[in-house]
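Worksheet for the structure shown next.
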Amino acid sequence: MADRLARLRRRAELALAERVGAVRVLWRRSMQLRVVLSTVAMSTVVVLVLGLVLQTQIADRLLQGKQQAALVQADISRLNLERDLARVDPDRDGTRTTLDDALDRLTSSGSGSDRDAGAFEAVLIAGTEAIGTPGASSDPEATDPSSGPADVVPAQLRDPVLKGFLATKYVTVAQVGRPDVPALVVGQPVRTAGRNLQLYLIFPLSAEQRTLALIQSTLALAGLALLGLLAAISSIVTRQVVRPVRQAADVAERFADGHLDERMPVYGDDEVARLAESYNEMAASIQQQIHQLEEFGGLQRRFTSDVSHELRTPLTTVRMAAEVLHAQAEDMDLVARRSAQLLVDELDRFESLLADLLEISRLDAGMAELALEQVDVRDVVRRSAETVRHLVDETATPLLLDLTEPAVAEVDPRRVERILRNLLANAIDHGESRPVEVRVAADEHAVAVVVRDHGVGLKPGEAGLVFNRFWRADPSRQRRSGGTGLGLAISLEDARLQGGWLQAWGETDHGAVFRLTLPRTHGDLLRTSPLPLIPVSAAPAEAEPGIHEAAGTTGTALPPPETGEFPVVVGDGRNDAADAADAADAEDAR
């Protein structure tokens, strides 16, 4: 039973959270809703304040009118009683009967049309002490003679009347079987042949109470109607402003998606119409510039492609002549032999440059095609390592491969191999014959390959420049691989073409790290990488030159800086989630 209640409560909490989330989303996305609700909220405050002020003013006016009429009626009643009781001595026997007769005559004489104060009850008291004073008797038989409901008169009102003053007070009169009724009591002294009497007139405020209730209900209904009208008016007015904004947003989204002919409709000559005209002019200008850029880009790509193709014919001729010279190099002197060798090397580099230019042209033109296969990335790493074996042997560089984790993914193996070949060649060129590490890892959504060297590294800011075309960190530095300056740029485009990331990190004298991350299934969106980019562990121990495949050799990291802060990661195509994951991995490793 307890588990069932807990499940029901969780469902209720989830449903409530969904409703609250939906309301928050609607609040953030709907300007019309925000304006209408804000208008209603502020109008509610204004209506409440105005209603309270009006109710207070009306109630005060009602009570003032009632009190003035009551005072007039009290003065008339006093004059009538003084005329009727001019020869009456309250201290004689039979005073109560006399007082009753006087009150009857007062009530009957005051029943005419001149009674603006309304119905009232009269009380006559012949006592000389206030009720509740020490001198007053507690014996009912010894109380002062009175006529009428004397118990309604409060003691606080009798004191000033006994002293000969006119006094008023609001009281609540209890009724048997009915709700209590508020009343106004007016008291004043009445002169007789003996001592003065106390006259109290009790004016019920039932009519005023009903009038005030009617006014309150009327104000409430009027306020609700006013709020409804204000909400409707604000909704209509806001809609007139929001509708063009929504249309502009829809047109801008379609324009951003590539529909360059989208334009906003123009109605009238108001501000919205001028906004639509300005937007249409801007869109037309952008469309024209985009067409010009496309034409210029097409001409540039066509020029690059034509030049590359046209250069192949003379290059083939020069290649044949160079090979003839190189074949006869043994019969030449030292200078001619060196020149023949340089000619062959530069021709190789020229052919590589032409091939890279053609590939860049295809990538820029969007003509590149993928040949996707389900392969184990570890096999691609092994083939890439074999292609740079001659560099490994020439530089006596240890190439350490950590390929213990299976990493099957849907990729283009030719492009992945080209990326890794470029990364390995760069790592060997800048590694200063120190170990170069390669590690492969995978998770449910992605595979990653990290290539790391322990050479000269990268200066601050250079990690964001390494993928620029023809950029070199040190132009005077001698390269062993004969690179063209386009390798990393092509590698970045190859990674993007497969929906992946290619990122770099480096620090002076601490080496550089390049990380390739690809989705395991083509088309999936990458969010994190299975391997960290920021170094967090020590460099490997010295190793023998050559290619070595062993588990746990990589580490892919360096000790953290002495300042306790990790260097900034510069990458491409990543989002905040990946950066946060790298920072978390680095912090955990520390």
Say whether R263 and Q287, considering side chains only, have a donor N or O and an acceptor N or O under 3.5 Å apart. yes
Run R389 and E386 through salt bridge (charged side-chain N to carboxylate O under 4.0 Å, His left out) and show every step you take. CA-CA 5 Å; R389 180 179 288 276; E386 290 298 326; 2.8 Å; yes
Which heavy atom in A231 sits nearest to a heavy atom in V36, and how many Å separate them? O-CG1, 4.1 Å
Lys/Arg-Asp/Glu bridge criterion (N-O < 4.0 Å) met for R382, D379: yes
Is there a side-chain contact between L458 and V466 (heavy atoms, below 4.5 Å)? yes
I need the E405 CD to L531 CG distance, nearest 0.5 Å. 7.5 Å
Gap between atom CZ of R421 and atom CZ of R383 - 0.5 Å precision: 11.0 Å
Check for a donor-acceptor pair, side chain of E277 on one end and backbone N or O of V266 on the other, with a separation under 3.5 Å. no
Checking T521 side chain against D524 main chain: does a donor-acceptor pair fall under 3.5 Å? no
Would you check if the side chain of R520 reaches a backbone N or O of E410 as a donor-acceptor pair within less than 3.5 Å? no
Can you see which heavy atom on G499 is nearest to which on L526, and at what distance? O-CD1, 3.5 Å
Could you grab the distance from atom CZ of R452 to atom NE2 of H454, nearest 0.5 Å is fine? 4.0 Å
R243 atom CZ, over 12 foreign heavy atoms within 6.0 Å: no
How long is the gap from CG on L293 to CD on E295, to the nearest 0.5 Å? 9.5 Å
Check whether S278 reaches the backbone of R274 with its side chain - one donor and one acceptor, N or O, closer than 3.5 Å. yes
S433 side chain vs T395 backbone, donor-acceptor pair below 3.5 Å: yes
If you apply the rule side-chain contact (heavy atoms from CB on, under 4.5 Å), what do you find for L401 with I547, and how did you get there? CA-CA 8 Å; L401 307 179; I547 301 175; 3.8 Å; yes
Look at E13 together with R10 and state whether they make a salt bridge at an N to O cut-off of under 4.0 Å. no
List the steps and the verdict of side-chain contact (heavy atoms from CB on, under 4.5 Å) for I290 and I286. CA-CA 6 Å; I290 290 176; I286 292 176; 3.6 Å; yes
Heavy-atom pair with the smallest gap, counting every atom of A407 and V440: CB-CG1, 3.5 Å
Nearest 0.5 Å please: distance from the OG1 atom of T528 over to the CG atom of D443. 5.5 Å
Which heavy atom in L533 sits nearest to a heavy atom in A504, and how many Å separate them? CD2-O, 4.1 Å
Sole candidate of D494, L372, L518 that passes side-chain contact (heavy atoms from CB on, under 4.5 Å) when paired with R415: D494
With a 4.5 Å limit on heavy-atom distance, are the side chains of R24 and V20 in contact? yes
How many angstroms lie between CG in N422 and CG in L502, if you round to the nearest 0.5 Å? 9.5 Å
Nearest heavy-atom neighbours spanning L260 and F255: O-CE1, 3.4 Å
Let me see the working for Q374 and V408 under side-chain contact (heavy atoms from CB on, under 4.5 Å), right down to the final yes or no. CA-CA 7 Å; Q374 198 78 14; V408 179; 3.7 Å; yes
So do the side chains of F514 and V450 get within less than 4.5 Å of each other, counting heavy atoms only? no
Do other residues, nucleotides or ligands put more than 12 heavy atoms under 6.0 Å from the CG atom of D257? yes
Is the side chain of T238 donor-acceptor paired with the backbone N or O of S235 at a distance under 3.5 Å, no angle test? no
Residue pair L516 / W501, side-chain heavy-atom distance below 4.5 Å: no
Any heavy-atom pair between the side chains of R515 and S529 that's under 4.5 Å? yes
The single option from T387, V388, V381, L391 that satisfies side-chain contact (heavy atoms from CB on, under 4.5 Å) with L424 is V388
Is any side-chain heavy atom of D412 less than 4.5 Å from a side-chain heavy atom of E373? no
side-chain contact (heavy atoms from CB on, under 4.5 Å) between V451 and V513, intermediate numbers included: CA-CA 6 Å; V451 178; V513 178; over 6 Å; no
Side chain to side chain, V436 and L400, heavy atoms closer than 4.5 Å: no
Taking every non-hydrogen atom, the tightest pair across A276 and P265: CB-O, 3.7 Å
Greater than 12 external heavy atoms within 6.0 Å of R414's CZ: yes
Will you find, in the side chains of T404 and D402, an N or O donor that is under 3.5 Å from an N or O acceptor? yes
Is the shortest heavy-atom distance from the side chain of V245 to the side chain of L275 under 4.5 Å? no
Would a distance-only check, ignoring hydrogens and angles, find a side-chain to backbone donor-acceptor pair under 3.5 Å from R34 to W27? yes
